[in-house]
There are 2 protein chains.
Amino acid sequence: MSTTIKDLARESAVSASTVSYVLNNGPRPVSRHIREKVLATAARMNYHPNAVARGLSRKRMDTLGVVYTYWDAEITDYYFISILHGILGSCMRHGQATTLFTSHVWSKVEDDLSLFANGRCDGLIIVAPPLSCTVMSLLTARNIPCIVVSDTLPDSDISSVNIDNQLAMYQITQYLLDLGHQRIAMLCGDNDQRSTPLRIEGFRRAFSDAGHNEDKHLIISGSYCFQSGYESALKMLDLPAKRRPTALCCANDAIAAGALKALMGRGVKVPEEISVTGFDDTPLSSTAPVPLTSVRQPFGTIGMRAAELLLARIEGDQSHHSEQLPTEIVERDSTAPPKK
Amino acid sequence: MSTTIKDLARESAVSASTVSYVLNNGPRPVSRHIREKVLATAARMNYHPNAVARGLSRKRMDTLGVVYTYWDAEITDYYFISILHGILGSCMRHGQATTLFTSHVWSKVEDDLSLFANGRCDGLIIVAPPLSCTVMSLLTARNIPCIVVSDTLPDSDISSVNIDNQLAMYQITQYLLDLGHQRIAMLCGDNDQRSTPLRIEGFRRAFSDAGHNEDKHLIISGSYCFQSGYESALKMLDLPAKRRPTALCCANDAIAAGALKALMGRGVKVPEEISVTGFDDTPLSSTAPVPLTSVRQPFGTIGMRAAELLLARIEGDQSHHSEQLPTEIVERDSTAPPKK
DNA sequence: ATCGATAATCGAACCGGTTCGATATATTTT
DNA sequence: AAAATATATCGAACCGGTTCGATTATCGAT
């Protein structure tokens, strides 16, 4: 249907291989005369090389795959999208296409893996795999380059890019402690996410390092969503006054927004009576009824680095990285020293 | 490196073509005996057919491309993401991979088009192309199936999927008029987006159909962002009391949120003093300080239908569709009859 | 002029599948 | 039992590029 390299060769009265050399600038020299002729016919015939044929013979599709499972049915969450944004940027800059794969259920991803791991993509970026995830071993077994955006697995030699979850939580807890809070509740996210135990650990360590008594009852398990934050906050409000926390340290912004709603519903003033912190610094942080003090994750950079590391690995780099990108506390209006 | 169909053929003591017939269930019959043998060796050798080779010979990659330019540097906006979500769902259901392409500048997309239009994707879904966009004609010239998610172009035979922008705006304006508002300002989005003139037209028609005098000065141009809404709302507040609108009909939720902030900053009560409506029903609508009455667009369905139409077209369907999916007004707390 | 070295070009094989014409085998018909 | 038909399998060509060994043209040095 469309013009092929053979058409081009015939029309330019040269061999197909020569045309290929011209189009790729090598690997062999072509005389100036012929080069120009070929280029001219290519333009005239509106020739565009077929990426699939090219990919087959070069064993390189210049395509990166992104794998993601959403926890509760939404790819639309800011976390994934911003990382994807970074990945896309990187891919564009390096002339790579980006192919997406998602599924509600992680096991389905593993089943459908063959769709990816079959030459279509040169490598895979796996975003936020749940704790129980065997995909990576499948991939390495099949010699498919991959990178995870997640905390490093203890026993894995797969490179990873992420923030330092423990440190980040440590810092924001410390921030609250420095404000003078003593009774702080941590509103946690899903237990099967790797970030959860790490953030809890950071929270705990901030307490012990500060020499404060850590009251275990103030670690509230939940999930990374608005509803969970709402419910957990209500629980906190129902505690007897002397046990009620003066600050809620939330494991992400959605939880914090939910908590905010609960507090406002009960007429509790933020930050005057209770301080609230978010995590992720999504747009929610700034548009919340009380703009949230939050931990900014460099999502874009995370995605970018993941793509770059993957690309390096595809190009033969064997080294093992596990990058931890710095986070930053963004102060807004939801935190203040405790009352009195 | 990895096992090929030839390895499989040798190991099963049959020809490669027979293996192919087994793996694809056709197009020719294979004896039960051989079928099972091949399947067994395939499993044993952990064989996965190479999608690229397959794609080359079948001229079909089972991949749909999604093209998008973000207005102001963010792919992360809810509009695109939710549509993408619908597309992904459809693709998964139909065994298609999804490849993404974005760029800040639309012209860059046109340049890089060859990356897509070269066999890698079987067709393209173009999301929200700006008014001045020549990509589609390039594509049709090169015989590449495509669908736009956008209002239909007057002179185009490319199928499209979208809401009825004019009708939707008509309805929400009517809703405000029915509440008793007479002085309503429309806070518009970008002028180079196709939706803008259509929504304005809907706004106008609602006025004229209701027999109200339409005051042209209440159509405020701007862009689809928070900041624009903020600024436009301030302008409204600065109008002399008798010309000040009692309702702000915003062209999207971001604008409405910005407007809300301006109003709250000036101590204007919503909805008691001024009603505000959004458009799109993004999460912003429900999490805004005053939950917004908004127009819900069926983003997921839009994406889904776009993918399905594209798939049909790829499979040879020549018919021309331009689907307009129904919208729905979601009432929340930001609207009420005008004061007194 | 002749020879060797270098540069430019060609032809064929290959990447890993699919598909079609031809052949071999099994089944039915007469 | 032979002929006609249906079924199962093979081999080769093809998809549209890249790459490598071999061949030819070009050039400077002797």
Side-chain angles (χ1 to χ4, degrees), chain A residues 1-39 41-42 45-63 114-115 117-122 142-143, chain B residues 1-39 41-42 45-63 114-115 117-122 142-143:
Chain A
M1 188 96 296
S2 54
T3 33
T4 74
I5 202 171
K6 281 171 195 168
D7 300 331
L8 207 48
R10 182 171 13 80
E11 206 73 13
S12 314
V14 293
S15 73
S17 43
T18 302
V19 174
S20 173
Y21 296 143
V22 172
L23 264 28
N24 297 303
N25 287 314
R28 298 208 186 163
V30 177
S31 70
R32 195 186 155 78
H33 172 59
I34 288 198
R35 143 167 283 105
E36 280 169 3
K37 184 164 65 175
V38 169
L39 255 21
T41 18
M45 300 183 76
N46 193 26
Y47 170 78
H48 297 267
N50 180 314
V52 180
R54 193 153 196 269
L56 177 59
S57 69
R58 304 200 339 172
K59 293 172 176 297
R60 187 83 143 66
M61 277 300 278
D62 292 321
T63 300
S114 56
L115 266 172
N118 54 2
R120 195 195 293 271
C121 299
D122 302 319
R142 285 171 63 182
N143 232 314
Chain B
M1 188 96 300
S2 54
T3 36
T4 75
I5 202 171
K6 282 172 196 168
D7 302 329
L8 207 48
R10 183 170 15 78
E11 205 74 13
S12 313
V14 293
S15 74
S17 43
T18 303
V19 173
S20 173
Y21 296 143
V22 171
L23 265 27
N24 297 304
N25 288 312
R28 297 207 186 164
V30 178
S31 70
R32 195 186 155 76
H33 172 61
I34 287 196
R35 146 167 279 106
E36 280 168 3
K37 184 163 66 174
V38 170
L39 255 22
T41 18
M45 301 182 75
N46 193 26
Y47 171 77
H48 297 266
N50 180 314
V52 180
R54 193 154 196 269
L56 177 59
S57 68
R58 303 202 338 173
K59 293 171 177 298
R60 186 84 142 65
M61 277 299 279
D62 291 322
T63 299
S114 56
L115 266 172
N118 54 3
R120 196 195 291 271
C121 299
D122 303 319
R142 285 172 63 183
N143 231 314

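The chains referred to below are lettered A, B, ... by the order of the sequence lines, with proteins before strands, and numbering in each begins at 1.
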Spacing of A:Leu8 atom CG relative to C:dC10 atom C1', expressed in whole Å: 16 Å

Under-3.5 Å donor-acceptor pair between A:Ser57 side chain and D:dG16 base: no

Given DNA chain C, 5'-ward residue of the pair A:Pro29 and B:Arg58, judged by closest heavy atom: A:Pro29

Atom-pair distance (CG on B:Leu56; C1' on D:dC14), nearest Å: 9 Å

Side chain A:Arg28 and base D:dG21 donor-acceptor under 3.5 Å: yes

Any B:Ser15 side-chain N or O less than 4.0 Å from OP1/OP2 of D:dG11: no

Sugar-phosphate only, base, or nothing, as touched by A:Val14 at under 4.0 Å among non-hydrogen atoms: sugar-phosphate

d(CZ, A:Arg120; C1', C:dG17) in whole Å: 14 Å

Under-4.0 Å side-chain N/O to phosphate OP1/OP2 contact, B:Asn24 with C:dT18: yes

Approximate separation, where rounding is to 0.5 Å, of B:Glu11 CD and B:Thr3 OG1: 10.0 Å

Touch class at under 4.0 angstrom, heavy-atom based, for A:Ser20 against every strand present: base

Donor-acceptor pair under 3.5 Å, B:Arg54 side chain vs C:dT18 base: no

Rounded interatomic separation in angstrom, taking CG from A:Leu23 and P from D:dG17: 9 Å

Spacing between B:Asn118 atom CG and D:dC15 atom P, to the nearest angstrom: 18 Å

A:Arg28 and A:Ser17 side chains, donor-acceptor separation under 3.5 Å: no

Smallest separation among heavy atoms of A:Asp122 and A:Asp62, with atom names: OD2-N, 2.6 Å

Whichever of B:Tyr21 and B:Tyr47 has its nearest DNA chain C nucleotide further upstream toward 5': B:Tyr47

Residue pair A:Asn24, A:Arg54: steps toward the side-chain hydrogen bond (donor to acceptor under 3.5 Å, both in side chains) verdict: CA-CA 11 Å; A:Asn24 297 303; A:Arg54 193 153 196 269; 2.7 Å; yes

Any side-chain donor near an acceptor of the partner, A:Asn25 and A:Arg35, under 3.5 Å: yes

Interatomic distance, B:Asp7 CG vs C:dC15 C1' [rounded to whole Å]: 13 Å

Short side-chain N/O contact from A:Ser31 to OP1 or OP2 of C:dT9, under 4.0 Å: yes

Interatomic distance, B:Ile5 CD1 vs D:dC15 C1' [rounded to whole Å]: 15 Å

Nearest-Å distance for atom pair CD/C1', residues B:Glu36 and D:dA8: 16 Å

Nearest-nucleotide 5' precedence on DNA chain D, B:Ser17 against B:Lys59: B:Ser17

